[in-house]
Amino acid sequence: MSDKSPPGLRQNPHRLRDRADKNLEAAIGRSVRRHRKQQRMTVHDLAVKTGLSAGMLSKIENGATSPSLTTLQTLSHALSVPLVSLFEGYAEPRGAMHVRAGEAAEVERSGTRAGHQYNLLGHIGSNGSGVIVEPYLITLSEHSDVFPAFQHDGIELIYMLEGTVDYRHGEELYRLLPGDSLFFDADAPHGPEALIDLPIRYLSAICYPQNG
DNA sequence: TTGGGAGAAATAGAAGGCGT
DNA sequence: ACGCCTTCTATTTCTCCCAA
């Protein structure tokens, strides 16, 4: 097989799929076999019911092949289970980050004011959704500047943990108490305007488009 | 954007292996 | 020996690349 393409620039249809790629097939196979056994059916019984060959069913149950959508639909009908139930047990790896109390990274965000302590609670790259989420624990001390001036792309959620603050969003002013939340378009000027009861701590999750 | 060629993968059916 | 399942081989279908 000739390969004139620079590596990584073109899709290679001849690429052999590695073991990890077979997770989905294996999960489908286990699911089919479990449902078949539950209904006291043999491979032959299921083959008759679906119109598939017993050999094909064997490969499907052993994760040795990727059945077509039509085949999966046929199987779900024959087993009297929802199509999606054949995908039970398959989970793609998802990013997760555990930050213990007191271990959050202290960061500086452009535009933050004196006395505003930002602790980044975790960060994972975009998971393909095209959305970035930044969770912060924010602490305001008596020395904090208090005029609202933040303005950035995306949407922000604030959840009050401690203290009381008058928080401005655009033309509106909201008094936030512990347990209150504020969900708003971050494109409007926003920020704490009056520190009523110190110390003030709140969680802030900022969501914005990856390419925004 | 579309159609054709090439190759990979899915599928069917037969043969073989294994346990009881 | 029989039932159940897997493996092997041939055929069909699907996907990708590339030229027009």
Side-chain angles (χ1 to χ4, degrees), chain A residues 1-99 105 107 110 120-136 151-157 183-188 205-212:
Chain A
M1 179 193 334
S2 68
D3 186 4
K4 297 169 191 170
S5 307
L9 292 182
R10 289 168 179 266
Q11 183 172 27
N12 178 7
H14 307 145
R15 179 181 74 97
L16 293 176
R17 302 201 303 171
D18 62 24
R19 203 177 175 86
D21 288 340
K22 291 289 186 180
N23 285 344
L24 178 57
E25 288 89 333
I28 291 171
R30 283 193 298 271
S31 191
V32 169
R33 175 165 285 164
R34 188 177 68 252
H35 284 116
R36 176 174 64 80
K37 300 261 188 196
Q38 280 173 355
Q39 297 175 37
R40 304 274 195 274
M41 277 197 280
T42 66
V43 169
H44 176 72
D45 293 337
L46 187 56
V48 170
K49 203 166 180 177
T50 59
L52 297 168
S53 69
M56 189 60 210
L57 288 174
S58 175
K59 283 188 175 181
I60 291 170
E61 290 191 353
N62 289 298
T65 189
S66 294
S68 67
L69 288 173
T70 302
T71 299
L72 288 173
Q73 189 177 39
T74 302
L75 282 167
S76 71
H77 285 159
L79 294 167
S80 301
V81 298
L83 181 60
V84 293
S85 75
L86 298 182
F87 296 89
E88 286 172 358
Y90 175 73
E92 292 180 312
R94 302 285 182 182
M97 189 171 175
H98 179 197
V99 178
V107 300
S110 58
L120 184 59
L121 298 179
H123 184 271
I124 54 177
S126 171
N127 62 353
S129 63
V131 175
I132 301 289
V133 179
E134 291 181 357
Y136 291 96
Q151 196 170 359
H152 49 84
D153 286 342
I155 291 170
E156 185 166 344
L157 170 69
F183 186 52
F184 56 86
D185 182 346
D187 197 38
I206 301 169
C207 311
Y208 56 92
Q210 186 171 21
N211 299 318

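Hydrogens, waters and symmetry mates are skipped; everything else that's a heavy atom, side chains included, is used. Reminder, nothing fancy here: chain letters follow the sequence lines and each chain counts from 1.
Rounded to an integer number of Å, the gap from CD1 of Ile60(A) to C1' of dA12(B) is 12 Å.
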Sugar-phosphate means primed atoms, P, OP1 and OP2; the rest is base. With that split, encode nucleotides 3-9 of chain C 5' to 3' as B, S or - using protein heavy atoms under 4.0 Å.
-> -SSBB--
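In this structure, the side chains of Ile206(A) and Tyr136(A) come closer than 4.5 Å at one or more pairs of heavy atoms. Side-chain contact between Leu57(A) and His44(A) is absent, with no heavy atoms from C-beta onward closer than 4.5 Å.
From Ile60(A), atom CD1 reaches atom OG of Ser31(A) across 12.0 Å, with rounding to the nearest 0.5 Å. Rounding to the nearest 0.5 Å gives a distance of 8.0 Å between CZ of Arg34(A) and OG of Ser85(A).
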Can you check salt bridge (charged side-chain N to carboxylate O under 4.0 Å, His left out) on Arg30(A) and Glu61(A), steps first, answer last?
-> CA-CA 6 Å; Arg30(A) 283 193 298 271; Glu61(A) 290 191 353; over 6 Å; no
